[in-house]
There are 2 protein chains.
Amino acid sequence: MIAVEQLVRYVRHSATAGGLSTAASSALGRLGREGPQRLTELARAENVSQPNMTQLVTRLERAGLVRRTADRTDGRGVLVEATDTGLEVFRQRRAERAHALQQLVEELSEPEQQAVMTALPALARAVQDHRSRS
Amino acid sequence: MIAVEQLVRYVRHSATAGGLSTAASSALGRLGREGPQRLTELARAENVSQPNMTQLVTRLERAGLVRRTADRTDGRGVLVEATDTGLEVFRQRRAERAHALQQLVEELSEPEQQAVMTALPALARAVQDHRSRS
DNA sequence: CGGGATCCATAACCCGCTTATGCATAAGCT
DNA sequence: AGCTTATGCATAAGCGGGTTATGGATCCCG
């Protein structure tokens with residue numbers, strides 16, 4: 001199980017390198033897939049606290065990847081929206097990440113590769129289920 | 001590949017919960033397996049900067065999990081050693097972590113479980129190789 | 001209209017990580 | 001011995017990710 005620790009740190013590290021952290025990338029990806037969202041909604045979806053999301057959005061905004069707009073229907077609300085640059089950067093980052101992971105996987109034997117292809121999505125699904133239940 | 005992001009964040013989160021971060025747990029584990037080590041050596045082994053390791057050790061020391069001792073053979077050196085408490089906490093943490101992962105895995109189908117058992121160690125090995133080559 | 005609920009921002013804090021410095025000891029060369 | 005260089009560690013400053021506690025707006029509803 002020590003293996004997991006190393007894996008996590010490796011992925012995190014290689015993710016940070018590209019200029020977009022895992023948290024930022026994840027949030028940006030969601031905005032890309034699902035369109036503009038309320039800040040609180042985003043925080044809940046990404047499973048982080050609201051203040052944390054406020055900070056993350058502030059950083060992303062400073063970097064020009066995201067935009068805050070007022071919610072016409074609710075004076076309190078803030079809609080967060082990915083900019084074109086943001087989406088572009090996200091796509092690029094995702095490609096880089098996929099490439100890094102592919103390089104890693106290529107060093108494995110054929111059956112091991114097969115196992116990874118099965119295991120990762122399965123684990124991701126389990127995480128998803130686990131979270132929605134708690 | 002978005003799956004990986006979620007997985008990483010999930011593991012990191014559940015790891016932090018137990019009071020021992022991944023970095024701390026990893027370092028403590030190494031000290032347990034390999035005995036007292038030089039601070040710089042530890043930093044290299046854990047693949048982080050020396051100042052980072054200094055800080056990490058300071059925190060672990062404050063928590064009573066680790067001890068700094070002078071290196072008799074080198075006046076500059078500092079040996080870092082896990083305390084009994086440290087080892088105990090580490091073992092406990094590892095058990096908890098294993099349990100959490102097991103719970104996750106139990107929700108998968110039999111072949112998926114098999115795939116995870118193959119994939120994780122393989123990936124960890126690939127990370128190891130990758131790192132030692134660069 | 002008034003009071004509770006909701007949305008967001010701010011403040012203050014910890015951990016993980018970095019680079020840039022500085023200080024002390026070690027080692028090597030003359 | 002003495003001077004220089006290399007090594008080992010600590011400190012400082014700064015960023016990102018994360019938290020709880022708090023406060024100000026706005027909404028909604030009785």
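Throughout, protein chains are lettered first and strands after them, A, B, ... in sequence-line order, and every chain is numbered starting at 1.
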Have a look at B:Asp71 and say if it touches a base, only the backbone sugar-phosphate, or nothing, with a 4.0 Å heavy-atom cut-off. nothing
Walking DNA chain C from its 5' end, the first of A:Arg68 and A:His13 to be reached, judged by nearest nucleotide, is A:Arg68
Of the listed nucleotides D:dA13, C:dA26, C:dC8, the one nearest the side chain of A:Thr54: C:dC8
Counting distance only, does the side-chain N/O of B:Thr22 pair as donor-acceptor with the main-chain N or O of B:Arg12 below 3.5 Å? no
Side chain of B:Arg76 - closest among D:dA13, D:dG18, D:dG8: D:dG8
How would you label the contact of A:Ser49 with the nucleic acid (heavy atoms, under 4.0 Å): base, sugar-phosphate, or nothing? base
Could you tell me how far apart B:Glu41 (CD) and D:dG8 (C1') are, to the nearest whole angstrom? 12 Å
Between A:Arg67 and A:Glu61, does any side-chain N to carboxylate O distance fall below 4.0 Å? no
Consider the side chain of A:Pro51, meaning its heavy atoms from C-beta on, and name the nucleotide among C:dA20, D:dT19, C:dC17 that approaches it most closely. D:dT19
Would you kindly give the CG-to-C1' distance between A:Leu56 and D:dT19, to the nearest whole Å? 15 Å
Start at the 5' end of DNA chain D and walk down; is the nucleotide closest to A:Ala24 or to A:Thr73 reached first? A:Ala24
Counting heavy atoms from C-beta on, name the nucleotide in C:dT18, D:dG18, C:dA24 closest to the side chain of A:Val48. D:dG18
In plain terms, say whether A:Glu112 and B:Arg125 are close enough for a salt bridge, that is, a side-chain N and a carboxylate O under 4.0 Å apart. yes
Could you state the atom-to-atom distance from CZ of A:Arg72 to P of D:dT26 in whole Å? 14 Å
If you only use heavy atoms from C-beta on, which nucleotide in C:dA11, D:dG18, C:dC7 is closest to the side chain of A:Thr40? C:dC7
For A:Arg12 and C:dC17, give me the distance from atom CZ to atom C1', rounded to whole Å. 8 Å
Select base, sugar-phosphate, or nothing to describe what B:Arg44 touches, counting heavy atoms under 4.0 Å on all strands. nothing
Can you tell me the distance, in whole Å, between the CG atom of A:Leu60 and the P atom of D:dC15? 16 Å
In whole angstroms, how far is the P atom of D:dA10 from the CG atom of B:Leu79? 12 Å
Keeping A:Gln113 on the side-chain end and A:Leu108 on the backbone end, is there a donor-acceptor pair under 3.5 Å? yes
Using atom CZ of A:Arg38 as one end and atom P of C:dA9 as the other, report the distance to the nearest whole Å. 11 Å
Look at the side chain of A:Gln50 and the base of C:dT6, then say whether one donor and one acceptor between them are separated by less than 3.5 Å. no
For the pair made of CG in B:Asn52 and C1' in D:dA10, what is the distance, rounded to whole Å? 13 Å
Residue whose closest nucleotide on DNA chain D lies nearer the 5' end, B:Gln55 versus A:Asp74: B:Gln55
Pick the closest DNA chain C nucleotide for B:Met53 and for B:Arg62 by heavy atoms, then say which residue is nearer the 5' end. B:Arg62
Before accepting this row, confirm whether a basic side-chain N of the pair B:Arg30/B:Glu46 lies closer than 4.0 Å to the acidic partner's carboxylate O. yes
Do NZ/NE/NH1/NH2 and the carboxylate oxygens of B:Glu41 and B:Arg44 come within less than 4.0 Å? no
